[in-house]
2 protein chains.
Amino acid sequence: MIIGQAADAAGVSAKRIRYYEQIGLIDTARRSGAGYRVYDERDLHSLRFIRRARQLGFSIPHIATLLALWRDRRRSSADVKEIALAHVEELRSKITELQSIVDTLEDLAAHCDGDSRPDCPILAELQGVE
Amino acid sequence: MIIGQAADAAGVSAKRIRYYEQIGLIDTARRSGAGYRVYDERDLHSLRFIRRARQLGFSIPHIATLLALWRDRRRSSADVKEIALAHVEELRSKITELQSIVDTLEDLAAHCDGDSRPDCPILAELQGVE
DNA sequence: CCTATACCTTCCTATTATGGGAAGGTCAAG
DNA sequence: CTTGACCTTCCCATAATAGGAAGGTATAGG
């Protein structure tokens with residue numbers, strides 16, 4: 001299987017696969033006589049694992065750790081859980097931050113007439129009028 | 001007032017001010033005899049406006065528009081409100097997305113023993129075991 | 001056998017909004 | 001006149017890709 005086929009099968013772009021190889025997230029692929037990267041089912045499993053982890057918002061360094069744990073038969077589930085929960089905490093903070101922005105903007109927008117007149121609490125707030 | 005003072009007064013770094021000038025978000029600063037950028041109160045107002053807008057998560061292109069509206073005495077508040085509400089919608093989608101990841105991870109973590117044994121629903125999910 | 005086209009390769013650029021740092025000029029105080 | 005704290009420009013790095021150029025390869029059809 002060459003890179004385009006692997007990309008289709010794993011649901012990632014060929015570009016990404018090369019990038020993951022370049023940064024060392026996946027092993028250097030074997031090459032065909034013509035220099036084409038060659039993949040097998042095991043590689044697809046890794047690529048799919050990476051894709052799912054990315055979809056869950058894990059960073060590539062975190063995924064590197066998760067991949068290592070995944071391959072380690074003697075891992076402890078506690079290690080995995082710790083990474084996942086730390087990630088959840090990060091996401092929660094981000095959500096809280098975004099939510100507070102939403103609240104602020106909605107409050108401002110609610111007091112903005114939204115008509116053709118120039119008066120606007122949103123700009124007033126940005127301007128720093130208390 | 002030179003850049004370091006303006007930076008302190010406006011609560012942004014000197015680097016940022018130069019960057020904002022470079023990309024055209026703020027006007028090219030006047031220069032002193034020695035070539036130092038010189039700022040006045042009006043510039044500080046703009047920089048503070050930008051800082052607050054960044055804190056509310058507006059992108060620089062959006063801020064450019066908001067700044068233009070802010071300076072336009074004949075603006076309509078509807079234009080400002082529209083940008084703000086569109087931004088709110090983006091934030092909401094992002095929050096929803098993050099929240100769904102949090103829900104997934106918490107569910108998986110709840111079923112993960114988190115002990116020294118290797119069994120781990122989190123890795124099982126990433127692996128694609130249904 | 002030749003050619004088209006659909007791949008593959010590497011390498012370089014761009015994205016977003018900064019931060020870091022080097023090399024060198026300037027200014028104020030002591 | 002030196003020292004230190006500024007300023008200047010310019011280049012590099014970040015995270016995780018996408019896009020594209022230039023050139024090699026595999027395959028199918030005529």
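These values consider heavy atoms only, across backbone and side chains, with no hydrogens, waters or symmetry-generated copies. A, B, ... follow the sequence lines: proteins, then strands. Residue 1 opens every chain.
- Nucleotide dA26(D) holds its P atom 18 Å from the CE atom of Met1(A), rounded to whole Å.
- One atom, CD of Gln22(B), and another, P of dC10(D), lie 10 Å apart when rounded to the nearest Å.
- Computed from coordinates, the Arg31(A) CZ to dG24(D) C1' distance equals 13 Å when rounded to whole Å.
- A salt bridge does not link Glu97(A) with Arg92(A): none of the charged nitrogens is closer than 4.0 Å to a carboxylate oxygen.
- In this structure, the nucleotide among dG19(D), dC8(C), dA16(D) sitting nearest to the side chain of Tyr36(A) is dC8(C).
- For Ala34(B), the side-chain atoms get nearest to dC27(C) when compared with the rest of dT8(D), dC27(C), dT9(C).
- Classification of the His62(A)-His87(A) ring pair by plane angle, with boundaries at 30° and 60°, yields perpendicular.
- Following rounding to the nearest Å, Phe58(B) (CZ) and dT18(C) (C1') show an atom-to-atom distance of 20 Å.
- Distance from the side chain of Tyr20(B) is smallest to dT18(C) among dA17(C), dG19(D), dT18(C).
- The closest side-chain donor-acceptor pair between Arg71(A) and Ser46(A) falls under 3.5 angstrom.
- The separation between Ile2(A) atom CD1 and dG24(D) atom P is 18 Å, rounded to whole Å.
- Side-chain nitrogen and oxygen atoms of Arg18(B) include none within less than 4.0 Å of the OP1 or OP2 phosphate oxygen of dT18(C).
- Defined by atom type and a distance below 3.5 Å, a donor-acceptor pair is missing between the side-chain atoms of Asp103(A) and Ser100(A).
- Put simply, the side chain of Tyr19(B) and the base of dG19(C) share no donor and acceptor less than 3.5 Å apart.
- Nearest to the side chain of Ile3(B), among dT8(D), dA16(D), dG20(D), sits dT8(D).
- Regarding contacts with the backbone of dC8(C), every side-chain N or O of Ser32(A) stays at 4.0 angstrom or more from both OP1 and OP2.
- What separates CZ of Arg37(B) from P of dG25(C) is a distance of 18 Å, to the nearest Å.
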